[in-house]
Amino acid sequence: MSSNAPEAPVRKAGTREWVGLATLALPTLLISLDQSVLYLALPHLAEGLNPTGTQTLWIMDIYGFLIAGFLITMGTLGDRIGRRKLLLIGATAVGIASVAAAYSTSAEALIVTRALLGIAAATLMPSTLALISNMFQDPYQRGRAIAVWASCFMGGTALGPVVGGAMLEHFWWGSVFLIGVPVMVVLLIVAPFVLPEYKNPNAGRIDLFSVLLSLVAILTVVYGLKELARYGFEPVPALSIVVGLAVGAVFVSRQGKLADPLLDLKLFKIGAFTAALLILMVSMLGTGGGYLFITGFVQMVEGYSPMEAGLWMVPAAIASIVAAQLAPILAKRYPLSTVIGVSLLIGMTGYVLLVFVGPVGGMPLLITGFVITFIGVGTFGALGTNLVVGSVPPERGGSAAALSSISGDLGTALGIATLGSLGTAVYRTTLTVPDGTPSAAAGSAEASMEGALTAARTLPSEAADSLLAAASEAYAGGLNAIGVACAVVTALSATFAFTLLRKSRGAVPSGDAPEKPEKLKESKEPEAPEEPEEKAEGSLTAT
């Protein structure tokens with residue numbers, strides 16, 4: 001009997017599963033696209049709704065805040081009520097909220113609808129990733145499927161400005177929200193036929209107080225990090241982070257005492273799982289901070305429009321997608337720790353190139369460095385996510401998928417806050433305002449590159465050119481400093497990969513190690529009566 005134990009999780013995926021993957025790619029692409037598409041619509045939106053500065057910030061941020069805040073809850077909820085069911089509920093809610101956002105008649109209404117859209121979108125990420133782990137039981141096939149999933153997420157981020165720009169050239173600002181409606185309609189029609197259902201029949205009730213604690217902890221930390229990145233050190237954002245960490249400690253303590261915790265802390269005893277989360281958060285710290293200043297350089301120093309800047313980001317997105325597709329093939333032939341570690345070192349070399357980008361003629365070196373960096377991002381994005389999801393028992397797949405997303409989100413927010421502050425500090429300390437610049441314009445330029453652009457519009461052409469040249473040089477210096485910091489952070493991530501993942505060498509992506517399937521089988525044995533039903537739903541003959 002023990003000799004048959006490893007056989008059950010290695011059922012090969014067929015045509016239906018690959019069609020199901022294509023279906024799951026739709027919401028993944030939409031979520032990442034929605035997070036970047038709104039930047040282009042802001043000027044048009046401001047004309048239509050006339051929001052205050054504070055309202056504009058909430059319109060931008062509330063969506064991402066609530067996605068991060070509800071990921072743990074939605075991941076666990078999917079494990080309990082059914083991942084396909086939660087996906088369909090979320091898709092319906094996303095479609096309705098998208099229409100409501102598109103036709104909002106006030107800034108307040110748009111903030112509310114964006115909030116609802118964020119809560120609904122939080123159901124999609126963990127559901128899609130957890131369903132992939134159910135549909136693709138063969139480790140190598142699962143690695144390929146997650147590589148496709150990761151590619152859609154990366155591609156959506158790059159395509160957001162391009163798609164948004166095309167929409168805004170022909171339609172009103174609300175059209176950017178309607179992009180998701182046909183996507184959700186297709187998902188609702190196709191998903192019941194090609195996606196299996198999976199839930200943990202032994203799951204207990206959800207502890208609502210734990211939901212509240214997790215929501216407060218994540219929202220306050222992410223809010224504090226974003227505010228620190230935007231305005232520098234302020235008492236309120238710093239206090240928000242402290243409060244969030246304190247509430248998080250209470251949340252963790254409560255989970256250890258519950259019979260049915262919202263977050264199973266035993267997952268962190270799985271070495272590969274914990275190591276992958278740590279490396280993901282540290283590597284995304286560099287990616288988040290670097291991406292912020294790189295896109296700023298393209299627009300403010302080189303003078304490209306947001307849509308043109310989006311087009312310049314496409315080569316890096318293509319590089320990451322190709323790297324993600326090659327990652328499972330490499331992981332099948334070489335140790336996982338080696339593939340991830342080397343990919344991160346490759347990404348590090350891309351950041352090193354940013355150190356030498358100058359304010360004039362720097363685009364070729366900038367884009368080359370950006371492309372090389374995203375080769376590393378794509379490789380680890382695929383393998384790291386697969387490692388997180390594949391390291392846990394199937395009944396915990398939703399929770400694992402949620403933690404994977406949260407780890408990346410927190411790393412990105414932390415990177416924007418810390419590295420963004422570093423770049424801004426270098427800009428402010430190295431900027432030399434030309435003599436004769438009016439004090440008001442000088443003060444605006446000393447505050448930020450955006451302020452320099454605004455101030456230059458009020459000056460004669462010669463004075464404006466001199467101020468912008470000085471500001472561009474200072475901003476390039478900030479980018480150079482961030483390149484150094486990102487290279488160090490990425491090298492640290494590579495060190496973690498070479499050391500912490502040595503025992504996980506190839507286990508998940510290649511399926512070479514027998515230990516994990518045995519553990520998965522043991523964890524599913526109490527659910528044996530339901531296993532045939534799940535397989536029937538996922539088979540080609542069932543509808």
Side-chain angles (χ1 to χ4, degrees), residues 53 57 224-239 241 285-304 309 348 350-363 365-366 369-370 373 411-459 462-492:
L57 293 177
L225 290 173
K226 280 183 172 285
E227 291 299 293
L228 289 178
R230 186 175 285 134
Y231 301 113
F233 181 82
E234 295 285 346
V236 173
L239 179 62
I241 294 174
L285 187 150
T287 303
Y291 193 90
L292 173 70
F293 250 68
I294 288 170
T295 54
F297 185 94
V298 174
Q299 294 181 70
M300 293 185 291
V301 176
E302 294 293 337
Y304 289 102
M348 182 194 71
Y351 286 125
V352 171
L353 292 182
L354 300 184
V355 178
F356 303 100
V357 173
V360 179
M363 278 295 287
L365 193 58
L366 177 77
F370 197 42
T373 295
T412 300
L414 186 60
I416 291 173
T418 56
L419 298 182
S421 298
L422 170 65
T424 301
V426 171
Y427 169 86
R428 291 173 177 172
T429 55
T430 59
L431 174 65
T432 302
V433 178
D435 294 337
T437 303
S439 58
S444 180
E446 288 170 350
S448 65
M449 183 68 192
E450 293 89 342
L453 291 170
T454 301
R457 298 189 189 103
T458 66
L459 301 176
E462 186 174 343
D465 291 342
S466 298
L467 179 62
L468 288 179
S472 296
E473 185 174 355
Y475 193 88
L479 177 65
N480 301 152
I482 285 179
V484 173
C486 288
V488 172
V489 168
T490 309
L492 181 63

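- A heavy-atom distance below 4.5 Å is not found between the side chains of Glu473 and Val360.
- Contact record, Ala447 with Tyr427: C-CE2, 4.4 Å, taken as the closest heavy-atom pair.
- For the pair Ser444 (side chain) and Ala440 (backbone), a donor-acceptor distance under 3.5 Å is absent.
- For Thr458 (side chain) and Thr454 (main-chain N/O), no donor-acceptor pair under 3.5 Å exists by modelled atom type.
- Qualifying side-chain contact (heavy atoms from CB on, under 4.5 Å) partners for Ala442, counting only residues two or more places apart in sequence or in other chains: Val433, Thr437.
- Heavy-atom minimum distance, Leu468 versus Ala452: CD2-O, 3.9 Å.
- In terms of heavy atoms, Ala476 sits closest to Gly358 at CB-C, 4.1 Å.
- Residues passing the side-chain contact (heavy atoms from CB on, under 4.5 Å) test with Leu365 are Leu353, Phe356, Val357, sequence neighbours excluded.
- Residue Glu302 places its CD atom among more than 12 non-hydrogen atoms of other residues, nucleotides or ligands, all under 6.0 Å distant.
- For Thr430, the side-chain contact (heavy atoms from CB on, under 4.5 Å) partners are Val426, Ala474, not counting sequence neighbours.
- For the pair Val352 and Ala487, the tightest heavy-atom approach, listed with the atom from each and the gap, is CG2-CB, 4.0 Å.
- At least one side-chain heavy atom of Leu366 sits less than 4.5 Å from a side-chain heavy atom of Leu354.
- Listed by first then second residue, pairs satisfying ring pair (Phe, Tyr, Trp, His ring centres under 6.0 Å) with a partner in residues 471-490 read Phe293-Tyr475, not counting sequence neighbours.
- Nearest heavy atoms, Val298 versus Met363: CG2-SD, 4.1 Å.
- Here the closest heavy-atom approach between residue Met300 and residue Leu453 is recorded as CG-CD1, 3.5 Å.
- Partners of Ser472 according to the side-chain contact (heavy atoms from CB on, under 4.5 Å) rule, which considers only residues two or more places apart in sequence or in another chain, are Val301, Pro359, Met449.
- Rounded to the nearest 0.5 angstrom, Ile482 CD1 and Thr424 OG1 are separated by 7.5 Å.
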